[in-house]
Amino acid sequence: MDKELKELGSFIIQHKEELAAIVTKNRIQNGINPSDDGQKQLLIDWRIELFQYLGEALFSDLAQSEKKFLDWGKKSGEVAVKIQLSLDTALDTTRYYRSTILDFISTEVAKHGYTGQTAMKAVQIIDPLLDKVVYSFSVAYVDYNNHLLGLAREALEELSVPVVRLTDSVGILPLVGSIDTHRSKLIMEIVLNECVEMKIDHLFIDLSGVPVIDTMVAHNLFQVITSLKLLGVAVTLTGMRPELAQTVVSLGINFEGFSIAGSLHQALQQKKLLQNV
């Protein structure tokens, strides 16, 4: 039986391109055909490699085979995210790998007169390995997708706290949209670093685009202003709505050490500020 398994594995390797082509043709018939030629070739190369491993599994050490399949699943899972192949589409392809290889085994067993035990043993080896591919692929796909989403979220968060330079020493922080506790902490981290790196001496914080600020956020925001003062950055707060003014008063926040203007336009029109700008 071992001899027959080895021969069967060798036949799979010899026909790996043909087997990969069968899967590719099936996928195209089902409307899954990347428009980019590079992506098309990448998918074909994946499939050829997988059938190579399936053939080797019939006569190689099981532990080594398992590692190859897990590595293949991890690698292909990450690349699938990069080429924007959906998880359900990628996993659906697995059943075609399975049906294609089982059909091939059935044909070769009958052609060469192998025993039923050989066919059964081949299936017992290949089936669990394909299951490991599905597991490894899914974990890698989700993990890498979450990683990319995290990077995108961080980039978006940084863009939501833009310190814009007006002159060598004057900058504006225009805040737009809702500010929750998470974003207020982000403002603290990014603004302090940006002001130091950009050597900002005077920062205008414009709140005209912020609809609502609760008590906790107002407290955090004024902590930012206090921290900026400690760094030697003069702060002018503009666009403060009546509701925010009431919140600030209720918190007993000290206005000493920074200036307030009704609007950013008014602040920039003031004579002393225009001299700085």
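In this chain, residues are counted from 1 in sequence order.
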So [Y] and [X], do their side chains get closer than 4.5 Å, heavy atoms only?
{"X": "Q124", "Y": "K121", "value": "yes"}
{"X": "W72", "Y": "E49", "value": "yes"}
{"X": "R47", "Y": "T24", "value": "yes"}
{"X": "L54", "Y": "F69", "value": "yes"}
{"X": "F104", "Y": "F51", "value": "no"}
{"X": "D92", "Y": "R27", "value": "yes"}
{"X": "K229", "Y": "I225", "value": "yes"}

Which atom of [X] lies closest to which atom of [Y], heavy atoms considered:
{"X": "A122", "Y": "L58", "value": "CA-CD2, 3.9 Å"}
{"X": "L91", "Y": "F137", "value": "CD2-CD2, 3.9 Å"}
{"X": "C195", "Y": "V233", "value": "CB-CG2, 4.3 Å"}
{"X": "I172", "Y": "P174", "value": "O-CD, 3.4 Å"}
{"X": "S65", "Y": "A57", "value": "OG-CA, 3.6 Å"}

If I take atom [atom1] from residue [X] and atom [atom2] from residue [Y], how far apart are they, to the nearest 0.5 angstrom?
{"X": "K16", "Y": "Q14", "atom1": "NZ", "atom2": "CD", "value": "10.5 Å"}
{"X": "F59", "Y": "E4", "atom1": "CZ", "atom2": "CD", "value": "15.0 Å"}
{"X": "E197", "Y": "I190", "atom1": "CD", "atom2": "CD1", "value": "11.0 Å"}
{"X": "I22", "Y": "H15", "atom1": "CD1", "atom2": "NE2", "value": "10.0 Å"}
{"X": "T118", "Y": "E7", "atom1": "OG1", "atom2": "CD", "value": "9.5 Å"}
{"X": "T236", "Y": "I205", "atom1": "OG1", "atom2": "CD1", "value": "9.0 Å"}

Query raised in the report: What's the verdict on side chain to side chain contact (heavy atoms under 4.5 Å, CB included) for V79 and L42, showing C-alpha distance, side-chain angles and the deciding distance?
Result: CA-CA 9 Å; V79 175; L42 181 61; 3.2 Å; yes

Any donor-acceptor pair under 3.5 Å linking the side chain of [X] with the backbone of [Y]?
{"X": "S136", "Y": "V133", "answer": "no"}
{"X": "T100", "Y": "Y97", "answer": "no"}
{"X": "D127", "Y": "V123", "answer": "no"}
{"X": "S106", "Y": "L102", "answer": "no"}

Query raised in the report: Can you list the steps and then say if K68 with E56 is a salt bridge (charged side-chain N to carboxylate O under 4.0 Å, His left out)?
Result: CA-CA 10 Å; K68 286 182 179 180; E56 292 175 356; 2.7 Å; yes

Query raised in the report: Per the side-chain contact (heavy atoms from CB on, under 4.5 Å) rule, which among V170, V191, L237 passes with L203?
Result: V191

Report summary line: Which of V196, I200, L192 passes side-chain contact (heavy atoms from CB on, under 4.5 Å) with L228? Answer is L192

Report task. Kindly state whether the ring of F11 and the ring of H112 have centres lying under 6.0 angstrom apart. Result -> yes

Would you say [X] and [Y] are hydrophobically clustered, going by side-chain heavy atoms of ILVMFWY under 4.5 Å?
{"X": "M198", "Y": "L231", "value": "yes"}
{"X": "I48", "Y": "L19", "value": "no"}
{"X": "L70", "Y": "V81", "value": "no"}

Report task. In plain terms, say whether R165 and E194 are close enough for a salt bridge, that is, a side-chain N and a carboxylate O under 4.0 Å apart. Result -> no

Query raised in the report: Between D71 and K132, is the closest basic N to carboxylate O distance under 4.0 Å?
Result: no

Query raised in the report: Can you check side chain to side chain contact (heavy atoms under 4.5 Å, CB included) on T238 and S208, steps first, answer last?
Result: CA-CA 7 Å; T238 68; S208 57; over 6 Å; no

Requested in this report: List the steps, then state whether side chain to side chain contact (heavy atoms under 4.5 Å, CB included) holds for I101 with I126.
Outcome: CA-CA 9 Å; I101 194 65; I126 286 174; 4.0 Å; yes

Query raised in the report: Given the rule in the side chain to side chain contact (heavy atoms under 4.5 Å, CB included) test, do I12 and Q52 qualify, once you have shown the distances and angles that lead to the verdict?
Result: CA-CA 7 Å; I12 293 173; Q52 170 77 29; over 6 Å; no

Report task. Decide salt bridge (charged side-chain N to carboxylate O under 4.0 Å, His left out) for R98 and D131; before the verdict, give the C-alpha distance in whole Å, the side-chain angles of both, and the deciding distance to 0.1 Å. Result -> CA-CA 10 Å; R98 200 184 301 269; D131 290 339; 3.1 Å; yes

Query raised in the report: How about N193 and E189: does a side-chain donor come under 3.5 Å of a side-chain acceptor?
Result: no

Query raised in the report: D103: what forms a side chain to side chain contact (heavy atoms under 4.5 Å, CB included) with it, not counting sequence neighbours?
Result: none

